[in-house]
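See structure below.
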Protein chains: 2
Amino acid sequence: MSEIERCEFLCVHDEVVKKVLSQMPKDEALYDLAELFKVFGDTTRIRILYALFEAELCVCDTSQLLGLSQTAVSHQLRILKANRLVRARKEGKNVFYSLADSHVRQIIGQGMEHVEE
Amino acid sequence: MSEIERCEFLCVHDEVVKKVLSQMPKDEALYDLAELFKVFGDTTRIRILYALFEAELCVCDTSQLLGLSQTAVSHQLRILKANRLVRARKEGKNVFYSLADSHVRQIIGQGMEHVEE
DNA sequence: ATAACATATGAATAGATGTTCATATGAAAG
DNA sequence: CTTTCATATGAACATCTATTCATATGTTAT
């Protein structure tokens, strides 16, 4: 009898396991969810998002505001856009970015509440 | 005149910049926030958290439920606990973990909404 | 005490990720 | 059309992180 089987019969309450298994979202959804949070899980991106809380900003503005290189900001904005967290609006040579939807504020808001406790 | 200065005077609207700068949280808070989201940004940890949505589970249960090694689960639960996302309750040889507070559900819920759109 | 078991921990390795550097694209101005 | 500027992109490098393996801790039962 393997270690795994042993443990299963000792610890697991069948009903609980079945209940949990039946209510777990699909792996793909969980993967996507983790990918989304990964996007929030970087100081640079969080700072960019927070800056966009207050105003729409172009890449150049953002990089100066936050003391980052233009390239770094551009790379991160690309990731934010790919995950539909920001929107881009082109105006001449500039590209202005803004928050994409209300989820961004809500997710960050909840996170901040947790951190500040 | 450096590239940076050039850009600043061309793109930045002083009022906007001042407004954004004045409303940015402290770097420390933003760092902590990113650290928190980093915790959510891993498939294994998300799966563990979701499993705990439905029931309190011991390490062994969790590892079998999710098809992970005991060690991997233990390492991840340690991180979740350090970030106050789960609670531990010792009962004999077993340690039962459960969600720590309502923020966890809310943050994950918001994230799932965004992903499912 | 000793064996069996659940959990935790430390070190090592492999894979992922952010920044930088160099360069490309595309738009406005001269 | 050539220059200047804002932005984007690709490759390389350095750092971080999750898993595994080996082992330690602490609890229960014999």
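These numbers come from the heavy atoms of this one structure, side chains and all, not from hydrogens, waters or symmetry mates. Numbers restart at 1 for each chain; the letters A, B, ... are given by sequence-line order, proteins then strands.
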For this session: Figure out the CG/P separation between B:Asn94 and C:dC5, and round it to whole Å.
Result: 13 Å

Seminar exercise, completed: In numerical order, the residues of residues 78-85 of chain B whose heavy atoms come under 4.0 Å of DNA chain C are B:Arg78

For this session: Using modelled atom types only, decide if a donor and an acceptor are shared between the side chain of A:Arg45 and the backbone of A:Phe40 within a distance under 3.5 Å.
Result: no

Could you run down the sub-3.5 Å N/O contacts of the protein with nucleotides 21-27 of chain D?
none

Exercise. Want to settle it: does A:Glu91 or A:Glu35 sit nearer the 5' end of DNA chain C, counting the closest nucleotide to each?
Worked result: A:Glu35

For this session: Please confirm whether A:Arg105 makes a cation-pi placement over A:Phe53, using NZ or CZ under 6.0 Å from the six-membered ring centre and within 45° of the ring normal.
Result: yes

Exercise. So, is B:Ser69 close to the D:dT20 phosphate, meaning a side-chain N or O under 4.0 Å from OP1 or OP2?
Worked result: yes

For this session: Can you establish whether the number of heavy atoms outside A:Arg78 located under 6.0 Å from its atom CZ is more than 12?
Result: no

Seminar exercise, completed: Between A:Gly41 and B:Lys38, the two heavy atoms sitting closest are O-CE, 3.0 Å

Exercise. Counting only non-hydrogen atoms, which of residues 37-48 of chain B are less than 4.0 Å from DNA chain D?
Worked result: B:Lys38, B:Asp42, B:Thr44, B:Arg45

For this session: Check whether any side-chain N or O of B:Arg84 sits under 3.5 Å from a backbone N or O of B:Asp101 as a donor-acceptor pair, and report yes or no.
Result: no

Exercise. Within this structure, what is the CG-to-P distance between B:Leu68 and D:dA18, rounded to whole angstrom?
Worked result: 13 Å

For this session: Check every atom of C:dT7, D:dA18, C:dT20 against the side chain of A:Ala72 and return the nucleotide holding the closest atom.
Result: C:dT20

For this session: Can you spot which of A:Ile107, A:Leu36, A:Val39 makes a side-chain contact (heavy atoms from CB on, under 4.5 Å) with B:Phe37?
Result: A:Ile107

Problem set entry | 4.5 Å side-chain heavy-atom contact, A:Arg47 and B:Tyr31 | no

Exercise. Is the shortest heavy-atom distance from the side chain of B:Tyr50 to the side chain of A:Leu33 under 4.5 Å?
Worked result: yes

Exercise. Phosphate oxygens OP1/OP2 of C:dA6: is one of them under 4.0 Å from a side-chain N or O of B:Tyr97?
Worked result: no

Problem set entry | Sidechain-backbone polar pair: A:Thr62 side chain, A:Cys58 backbone, donor-acceptor under 3.5 Å | yes

For this session: Could you tell me whether A:Glu28 atom CD has more than 12 heavy atoms of other residues or ligands within 6.0 Å of it?
Result: no

For this session: Look only at the side chain of A:Asn83 and the backbone of A:Leu85, and say whether a donor-acceptor pair between them is shorter than 3.5 Å.
Result: no

